[in-house]
Visitor: 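After the C-alpha cells below, expect a handful of questions from me.
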Number of protein chains: 4
Amino acid sequence: MSKAKRVGILTSGGDCGGLNAVIRAVVRRAREWDMEVYGIKGATQGLMSRPVESELLDMKRVSGILRYGGTILGTVNKGNPFAYPLSDGETIDRSQEVIDGYHQLGLDALIGIGGDGSLAILRRLAQQGNMNLVAVPKTIDNDLGATENSIGFNTAVSVAVEALDRLTYTAISHSRVMILEVMGRDAGHIAVSAGIAGGAHVILIPEIPYDLDKVCDRLMNRALRGFNFSTMVVAEAVKTPSGEPVRYTNSLGQTLYGGIGQYLGDQISTRTNMESRVTILGHVQRGSTPSPLDRILGAAFGVAAVDLVAHKQYDRMVAWINREVISVPISEAIAQYRAVDVQGTLIRTALGLGTYIGEID
Amino acid sequence: MSKAKRVGILTSGGDCGGLNAVIRAVVRRAREWDMEVYGIKGATQGLMSRPVESELLDMKRVSGILRYGGTILGTVNKGNPFAYPLSDGETIDRSQEVIDGYHQLGLDALIGIGGDGSLAILRRLAQQGNMNLVAVPKTIDNDLGATENSIGFNTAVSVAVEALDRLTYTAISHSRVMILEVMGRDAGHIAVSAGIAGGAHVILIPEIPYDLDKVCDRLMNRALRGFNFSTMVVAEAVKTPSGEPVRYTNSLGQTLYGGIGQYLGDQISTRTNMESRVTILGHVQRGSTPSPLDRILGAAFGVAAVDLVAHKQYDRMVAWINREVISVPISEAIAQYRAVDVQGTLIRTALGLGTYIGEID
Amino acid sequence: MSKAKRVGILTSGGDCGGLNAVIRAVVRRAREWDMEVYGIKGATQGLMSRPVESELLDMKRVSGILRYGGTILGTVNKGNPFAYPLSDGETIDRSQEVIDGYHQLGLDALIGIGGDGSLAILRRLAQQGNMNLVAVPKTIDNDLGATENSIGFNTAVSVAVEALDRLTYTAISHSRVMILEVMGRDAGHIAVSAGIAGGAHVILIPEIPYDLDKVCDRLMNRALRGFNFSTMVVAEAVKTPSGEPVRYTNSLGQTLYGGIGQYLGDQISTRTNMESRVTILGHVQRGSTPSPLDRILGAAFGVAAVDLVAHKQYDRMVAWINREVISVPISEAIAQYRAVDVQGTLIRTALGLGTYIGEID
Amino acid sequence: MSKAKRVGILTSGGDCGGLNAVIRAVVRRAREWDMEVYGIKGATQGLMSRPVESELLDMKRVSGILRYGGTILGTVNKGNPFAYPLSDGETIDRSQEVIDGYHQLGLDALIGIGGDGSLAILRRLAQQGNMNLVAVPKTIDNDLGATENSIGFNTAVSVAVEALDRLTYTAISHSRVMILEVMGRDAGHIAVSAGIAGGAHVILIPEIPYDLDKVCDRLMNRALRGFNFSTMVVAEAVKTPSGEPVRYTNSLGQTLYGGIGQYLGDQISTRTNMESRVTILGHVQRGSTPSPLDRILGAAFGVAAVDLVAHKQYDRMVAWINREVISVPISEAIAQYRAVDVQGTLIRTALGLGTYIGEID
C-alpha cells in the first residue's frame, strides 16, 4: 500500500471556535508529509455535489484563520446522507453519492471533524464505501466521553462567562434576577462551567432534577441576607420540573418548543415578587474568536490527525487525555457519552459555593 | 446664599455603562470644593424611604468603580413618584415624600443622572419642592437632542458590534441569515451604528419604513452574487411593515409584545429558502465594562456637574457639544428629542455601503 | 472630462485600526459608481515597483476585513519618494517613478490614507505629476486639526485603557506605582484620553512641562491617604524635566533614544521608597481589532472619498466635524496641527479629578 | 481536638488571575462549616505587623471579586521572613514574628496561596511554629509538577495570545518580524502555549537551546515563500545562545539584566535585512480579568482547601489532576518542578506546525 498523498478534510455539525485551527494545522502538517489537502465544502454536502465542491488548501489559504470563528469550509447540521430530506418531507439514501465523491476526488483519506452524530454517520460511510477516515472531536457540549476536551467547548464557556459578568452588573443595579440560557442540547457542561466561573447562584442542567420552590427559596434567601440580586444559568435542554418540554406560540401562530429561560423567569415572577429578565445567549457562543485552549487543541488535533493518516491508522479519533493527544477507535469514542458527573469535582464545587444546582440525594 | 456643602447624587432609569464613572468623578471633584456627596439608593425610591436610603461616598468607596458596569447606587425604571404604582393597579402621588427626603437629608443640591423621562420627573420634583437640580444625560438610545453623546450609548454599541462579529462567523459557516435584535425603545441609533461597524447587510430602525420583499430581495441578491450568508440588525422598536407591534404567546398562555427579530426570521424563512437564526442581545448591552468613551464622558460630566453646583447654576444639564462640555437648561434638553437623521451622514454611509435600510424617498 | 473609472487606493505611514474599514467602504461604494478599485501595495512603494504592485479589489476580497487590524494593502512609514534612502545612507529623488506608476496603471484618481506627513508627500506628488488625489486622515496621534477624529486613535485608546485596567489590579495587589508608556510621537492625546478613562493618577504629555518632585508628592500623598498604589500614563514623546530626550545603551552597546517610562520609574524608585514597574505598550496599540468608532469613521470616510472622486473634487481630504463628514482642502488640513488643548475640556476634567498633569499656570 | 473555627488566608508571591476566586470560594465554603475567615494583608507581612493586619471576610466583602484581577488581600514577592531584608542590605530572621501573629490572631489553620518558593517558606514556618497549613498552588509559570494546572497560568496565556493576535496584524501590514517577550522566569510554558495558540513562527524557551542562524533561516525562508512577516514568542528567561544573560545600561547608567526580546530584535536586524519590533508584555499578564478556567480552578481549590481544614488534613496542597481536585503533601508538591516536556504533545505540535522551537535532537 502506497503513501497517502491526497487528504480531504471536512467540518460537520454545528460550527464552533477552534475548527479553523484544526484546518490550519492539518495543512501545515500535511506539507511535511508531502500530502495535498482538499477542503470539502459544507460537510458531506460537498462530496454529494457534482462536481465535488472542494478546494486545494495551501499555506496562504490558511494563514491567519486560527483566530477566526466558525469554519472556512462551511458546515451543515442536517442532511444525513443515509436519510437525506426531500422537500416533500420524505427522505432518500444518498450515501453512495458521498462515497463516490470521495473516490472521484482521488482521496487517500478523509479527516472528519464533528461531534458524535456526525462521526457516527462518517464512520458508516467510511465502512460502506472503503473510505479511510480519521476523526477529530468537536462539540460545544463537550459530551464525547473518550476525550477530556472537544473543540469548541472552552470558547462557548468563555462567551457565556462574559455574558454572565455583564448581567451581574445590571442585576445588581436593578435588584433583579437575571437568567442566562446557554447552549447544551443534552448535557449541562457549559452551564456548570460558566455558572461556577461567572458566580451564578442557581445552575440548572438536564442531568439533575430541580424543584421550583427550592429555586425561589434560594433567591428569596439571598434577598433576606441583604443581596438584592441573583443570577441563574440554565442549559437549553432543561425541561419543566414535571419533565415536559417548554412550548410557546410565535407570531405566525405556530407552536414551538424551547424557551426554558423564559419559562423560569415567568415562574419566578409569578411565585415571588422579584423582577426577572432572561437572556438567551444563542449563536454568539459559536462564532466568537476561538479561545487559546481551543486553538491549542485544534493545533494538536490537526497535527496528530495527519500523523495518523501518514501511518495509515484509520478509523480512529484523536483525543486529549492527561495533557497528551492519543487516539482511540471511533467506534469506542462515539459509544461513550459523557453527561455531567453528578459526583464530580465541579458539582461538588458548585454545592460547596452554596449554589442551588437541583435535587441531589 | 451660602456655599453648597452637601450634594446628593442618584441614577435613574435603565442602567448602562459609564454611570459609575460619573459617580466617581462627582466624589473626586466635590472634595476640591469641600462638599460632601450622598449617594441616594434606587433613584427616587431612596428619597421616598424612611429613613432616606443613602450613603456618604468617599474616595475609597468610589475607587476603581469606573471600570464596572451598572451603578453602585442602584436604579429603577418604574415608580414615577407622581403616579406611584400600587399593588392593586392604582397609582398615588408620592412626590412630596421624595421632596421631604431631599430636605431631611439636608441636601443643598441634587445631581440626577437619567434619560429624558427621568429628567422630566426630577425637574418637576425640583420645581415643586425647591430642590436644586443639576442633570447628567444618560441613555443607551442616545436620543437626547441637546447633547451629542449621552452616557451608555457607546458601550451598548460596542457590545452589539462584538455580537455581530461573532454572528457573522457562524452565518458564514452555516450559510445563514443571522438577525440581531438590539435595544432602542424609540430610536434606531444603536442599530445604525452597530450595523455599520459590524458590516450588516440589512439595518431596520423605527425611523424608516421597510418592505419585506425588498429585505428578501437584498438577501437573495447576495446569494446570487456568491455570498451565502447575510447579517441583519434590527432595533427592538421596529414594528411589522403594516405598523402593528409583534405579538406572541408565552408558556403561561399570556399574550406578549415584542420579538421583531423572531418575526423577521419567521418571515424570511417563509418567503425564501434561506435558513435564519435570531439573537436578542438584551441586557448584556447595559452591564458591560464601560467603553473608554463612556468613561471619559462620565468623568467630564461628573466634574462639570459639581462645578455647576459650586456656581449655583441649577436647573441645567451638562452636555457634550463639539468636544467640549457645556450646560443647557434642563427644560430645553428634555424638549429636544433626537431620532436618527434620515438625511445624516450615517444613513448616507449605510446606503453608500449598499446596506438595505428601508424605504427612503 | 469623462467619468472616473479606475481608482487607486493606498495606505501610508504607521498602520492602525480602521484602515481596512476604509478600503472595504471604498470598494463597496465604487461599485455603485461603476468604478474599478486598485489596491496599491506598500504605499508609494507599490507605485514605484515595476510592474506596479497592485491588486484589483472586488467585494469578495474585502469581505469581512473591517474587523481585522492593520491594512490588507500593507504600508511603510519610511521611503519618502522625494528623498528615498539608499543603502549607503544617501537619498535620491524617485518621485517620478511613483507618478509614472500612477499613470501606467491608468488611474483616474488616487485615494490616499495617511497622517500629515504622508498626505504632504502625496499632495506634492499629485501636484507634480497631475494625479487626482483624495485624502483620508488616519493617525493614532489624532493630531490632524482639520478633523475631530482621525482613524486609529479610538482603537489605540481602547487598547491603552484595557492595559491600564489590568495594571491597576496588579498595582493594588503589590502596592506599586505602575507606569504605562503609550504611543504619541508629538501629541499627548492617547495619554490624556486613556489616562482619564483608565483612572490614572498622573498623566504626562509633551504639551505640558512637569516637575518630578510634584509627581512624587502626588504619589506619596496618595499613600498618606491610605491608597497604597498609583498608576501613571506617559506619552512616549515626553522628555526629561530639563527637556532632554532619554537615552539608554542596548546589548550591542548602541546608544538609543526613548524609554521615558523606564526613566520615570527609575527616578521615582530613587526619590521615594515606592516600588515601580513600567510597561511599554507598543505596537499592540496598532494591531488590535478596530473599535466600533474607527470602523464607523472608516466606513463614512471611505464612502465620502469615493463620492469626492465621482464629483471630481480633488485635492481634498474628508473630515469628521460635528457628527458629519465634510471635506477640506488637503493643503489646509496638513497645515493645522492639533496639540492637546491645555485649556480644553479633557485637561480640565483631569485636573477636576485630582490628576497630576504637569505644571499649568 | 476541637473543630477548626478560625481560618486565615493569605496570598503570596506575584499576583495573577484567579486569586480572588479562591478567596471568595474559601469564604463561601467556610460558612457551611461555621468557620470564620480572616484575610491576612500582604502575605506574611500582615502576620509580622502588630497588630496583625487582617480583616474578617464575609459574603459581602467577597461578592463579585471573582471577576477582578489581582488579590484583594495584597501580596509581596520579597520579604522572606527567614531572611528579611534590612535597608542596609543585611537580612534578619523574623519568622517568629509571623508565627506569633498566627497565634495572636487565634487561627486554627492557615490557607496559603502561592508558588513553590512561597509554599516552601510557609511550610517551614508551619513546621517551626505549629501552624496548620493548607496550600493552594498559583503560578503563572505553571511549573508546579504536582498539579496539572496552577492558578494564573491560563489568564496569562490569554493575555499573551491576544497580544500576539494584535502584533500579527501590524506585522503583516509593515512586513516586519514582531517579537513578543512573555513572562516565564524559569519555564517556557506561557511561551509555548501562547505561541501555538497565536500562530507564532518561532518560539524560544529556556528549556531548549537555540541557534540564531536557524532563527534567521526560518524567518528568511518564510519571506522566500511569499510570507512577508513573522511572529516570535520568547520567554523572559531565555538567555543569549552562549548562555549569557542579556545586559543593558539604563538612563541612570546602571547595568541591568533582561531584555532578551530586544537582544533578539537587534540580532535579527543586524543579521538580515528584516525590520523587527519588540513588545515586552509585562505585568498586564498578571492583572487581567481572570479567565473562566482560572476562576473554576480558584473555586474548586478554595472549596477543597476549606474541606481539608475541616477534616484536619494539614500540610497538604490541593491539586488538579485528571479533571478532579485531589490533595498531595506540600513537601511532595514543592519537590516536583515541571519544565516544559521536550518530548510532550505541545512541543510535538509546535514542530508539526513547522514552528522553530530550538535545537532538539
Side-chain angles (χ1 to χ4, degrees), chain A residues 21 24-25 28-29 31-32 59-60 63-67 148 154 157-158 160-162 165 168-169 172 193-194 196-199 225-227 289-296 298-304 306-307 320-326 341 344-346 348-355, chain D residues 21 24-25 28-29 31-32 59-60 63-67 148 154 157-158 160-162 165 168-169 172 193-194 196-199 225-227 289-296 298-304 306-307 320-326 341 344-346 348-355:
Chain A
R24 173 178 180 268
R28 293 183 78 93
R29 183 59 175 162
R31 203 178 49 138
E32 306 292 315
M59 299 280 279
K60 283 263 184 219
S63 179
I65 65 170
L66 89 168
R67 52 185 67 85
E148 287 181 15
N154 188 259
V157 169
S158 298
V161 171
E162 180 195 58
D165 284 354
T168 302
Y169 286 118
I172 294 171
S193 286
I196 291 173
R225 288 183 294 113
F227 292 94
T289 297
S291 75
L293 181 55
D294 275 328
R295 299 194 206 175
I296 292 170
F301 283 166
V303 167
V306 173
D307 288 351
W320 186 265
I321 299 287
N322 286 347
R323 307 161 66 95
E324 293 290 330
V325 174
I326 60 161
D341 177 3
T345 278
L346 292 190
R348 285 201 314 274
T349 295
L351 290 170
L353 294 167
T355 311
Chain D
R24 175 179 178 267
R28 294 183 78 93
R29 183 58 175 163
R31 203 177 48 139
E32 305 292 315
M59 300 279 279
K60 284 264 184 218
S63 181
I65 65 171
L66 88 167
R67 52 184 67 85
E148 288 180 13
N154 188 258
V157 169
S158 298
V161 171
E162 181 196 57
D165 284 355
T168 302
Y169 285 118
I172 295 171
S193 286
I196 292 174
R225 287 183 296 112
F227 292 95
T289 297
S291 76
L293 181 56
D294 274 328
R295 299 193 206 176
I296 291 170
F301 283 166
V303 166
V306 173
D307 289 352
W320 185 267
I321 298 288
N322 284 348
R323 306 162 67 94
E324 293 290 329
V325 174
I326 61 161
D341 177 3
T345 278
L346 292 190
R348 285 202 315 275
T349 295
L351 291 170
L353 293 167
T355 310

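Naming convention: chains lettered A, B, ... in sequence-line order (proteins, then strands); numbering from 1 in each chain.
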Visitor: Please report the closest heavy-atom contact between A300(D) and T345(A), naming both atoms and the distance.
Guide: CB-CG2, 4.2 Å
Visitor: Using every non-hydrogen atom in the two residues, find where I296(D) and A197(A) come nearest and quote the distance to one decimal.
Guide: CG1-CB, 3.8 Å
Visitor: Out of curiosity, N154(D) CG to L293(A) CG, how far, rounded to the nearest 0.5 Å?
Guide: 7.0 Å
Visitor: For L66(D), which atoms come within 4.5 Å of any heavy atom of chain A: side chain, backbone, both, or neither?
Guide: side chain
Visitor: Can you tell me how far CD of E148(A) sits from CZ of R323(D), rounded to the nearest 0.5 angstrom?
Guide: 5.5 Å
Visitor: Of the listed residues (I196(A), D165(A), L351(A)), which shares the most heavy-atom pairs with chain D below a 4.5 Å separation?
Guide: D165(A)
Visitor: Could you grab the distance from atom CZ of R28(A) to atom OG1 of T349(D), nearest 0.5 Å is fine?
Guide: 13.0 Å
Visitor: Less than 4.5 Å to any heavy atom of chain A: does that hold for the side chain of A21(D), its backbone, both, or neither?
Guide: neither
Visitor: With a 4.5 angstrom heavy-atom cut-off, is it the side chain or the backbone of L346(D) that approaches chain A, or both, or neither?
Guide: side chain
Visitor: Apply side-chain hydrogen bond (donor to acceptor under 3.5 Å, both in side chains) to S63(A) and list each qualifying residue two or more places apart in sequence or on a separate chain.
Guide: none
Visitor: Can you tell which of S158(A), S291(A), P292(A) makes a side-chain contact (heavy atoms from CB on, under 4.5 Å) with S158(D)?
Guide: P292(A)
Visitor: Specify which of G354(A), A304(A), G198(A) makes the most heavy-atom pairs with chain D at under 4.5 Å.
Guide: G198(A)
Visitor: Quick one: pull up CD in E324(A) and CG in D341(D) and give me the separation to the nearest 0.5 Å.
Guide: 6.5 Å
Visitor: Using the test side chain to side chain contact (heavy atoms under 4.5 Å, CB included), find all partners of F301(D) that sit at least two apart in sequence or belong to another chain.
Guide: V136(D), P137(D), T147(D), I151(D), L297(D), V318(D), W320(D), V325(D)
Visitor: So do the side chains of R67(A) and T168(D) get within less than 4.5 Å of each other, counting heavy atoms only?
Guide: yes
